[in-house]
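Before I ask anything, here is the structure I am working with.
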Amino acid sequence: MELYELSIHEALAALDRKEISSLDLTEAYLTRIERIDPSVQAYLTVTADQARAAARQADLRRAEGHAQPLLGIPIALKDIFCTRGIETTCGSRILKGFIPPYDATVAERLSEAGAVLLGKTNMDEFAMGSSTENSAFMPTHNPWDLGRVPGGSSGGSAAAVSAGLAAASLGTDTGGSIRQPASLCGVVGIKPTYGRVSRYGVIAFASSLDQVGPFARTVPDCALMLRVIAGHDPRDATSLPDPVPDYSSLPPGSLRGIRVGVPDEYFVSGMEPGVENGVRRAIDTLIELGAQVDTVSLPHTQYALAAYYLIAPAEASANLARYDSVKYGYRAPNPTSVLDSYQRTRGEGFGPEVKRRIMLGTYALSAGYYDAYYLKAQKVRTLIKADFDQAFARFDVLVAPTSPTVAFPLGSKTQDPLSMYLSDVCTLPVNLAGLPGMSIPCGLSDGLPVGLQLIGPPLGEEMLFRVARAYEATGQWTPTIPPLP
Ligand code: GLN
């Protein structure tokens, strides 16, 4: 077994037994990145020297007897997280060259936990997209088939973990950007309850929907990552004060008595048969584990996509107003006036999808249209939340597909924004309702990973990990790094 194949828990055990050092582990990942990343293109920035220094530091601390939950574990961060002294572009030309003067809370918590940062991963510009092809810099390739997308917008983070280019990583999920790429890359990813993880220092897309979460190859690794980053942060006013359970110490067990709902509306038309089969097989496994499974209806699901594509762009149009050529990153050369500087900087700095969202959002918020679009979408959002509230009166957890399709070929949806938007039809409602959602691999369809989505009530992360661990322990899916040339 190669060092980059170890799970976090296996690596921590090997470090404790002094069989390996964090520097060995870090070098293994850096070598792998050098060899493999030219074809996967998961990383925008590799911080090799800083990683080596952090690994040496971790080895010293371990030798001195310090116990930290991720001491010496190499991880990656989506380029949406501010990292002090390290370029942070959010996948956009407009932030090219932006070096934040501070760390996002999650970056700080990972480093306090002893993690070693390998670098910053590629993403759709400002997290708008489902394929990572909206990155201003390059597309990322799916490690399972280099001709296909890794999903998005956190495609670089998902692909890095999938290809053994990091032990774990962080992404953000506004409408599916952790769960959908986790599904397409065959890794575990969780979008926690809105407010569970601090958004301080996370570049904002749609502030009422954005949430941070981890990717890992195993359920316990994902749980450990979440435990480290979750919890109250006085610097984020939406951060929840509730204590953080020790998700990663849950032993795999039976699911006897657990009530599992299967929402009819998530088996949408256009879903690939291989995806539906994989998900149905996984549901059968949950029954074998003792779960009581029944169907449930979430009748307003069909309006979620429309509501999301008003609310998210509306919030984005407000959030992205700050890129005005004055304070951050790119500025168009030789402006003739302030207005000229704004116009050319934004015109040259933003890509087409970001411009589309700013225009949609500005329109939806403008006088005369606000009530018809934005306000109406907010009312629909309330109905979607009420559907879930009713379902969770009867069920402990809901299970559904994560994405209606497996990874699609690069370029196949870039000319058709609506078909790209449909990639998140099963994940968006969860963000609108602020709930925790997780994707775990549940098999392959024609050699490509299929994801099973688990949805919980507010702060129901523990239940998601419990079901996910029980499923993972059946061995129906073995965490696998796909063979790469
Ligand atoms: N694909 C969705 C969008 O483009 C969701 C993105 C996300 O979750 N950041 O908005």
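Quick note: numbers below take in every heavy atom, side chains included, and nothing from hydrogens, waters or symmetry partners. Both counts, for ligands and for their atoms, begin at 1 and track the order of listing. Along the sequence shown, residues carry numbers from 1.
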**Study point:** Straight-line distance of S183 OG to I178 CD1, nearest 0.5 Å
**Key:** 13.5 Å

Review point. If you draw the axis of the six-membered ring of F408, does the NZ or CZ of K413 fall within 45° of it and under 6.0 Å from the ring centre?
Key: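 Flagged: K413 positioned over aromatic ring of F408.
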
**Study point:** Quiz item: cation-pi between R346 and Y330, 6.0 Å / 45°
**Key:** no

Review point. At a 4.0 angstrom heavy-atom cut-off, what protein residues surround ligand 1?
Key: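 A127, M128, G129, S130, S153, D173, T174, G175, G176, S177, F205, Y308, Y309, R357, D424.
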
Practice item. Check whether more than 12 heavy atoms from other residues, nucleotides or ligands sit under 6.0 Å from atom CG of D446, and answer yes or no. Key: no

Exercise for review: Check side chain to side chain donor-acceptor pair (under 3.5 Å) between R196 and all other residues, then give those that pass, not counting sequence neighbours.
Suggested key: none

Point to revise | Basic-acidic side-chain contact under 4.0 Å: E112, R109 | key: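 Between R109 and E112 there is no salt bridge, as every charged N stays at least 4.0 Å from the carboxylate O atoms.
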
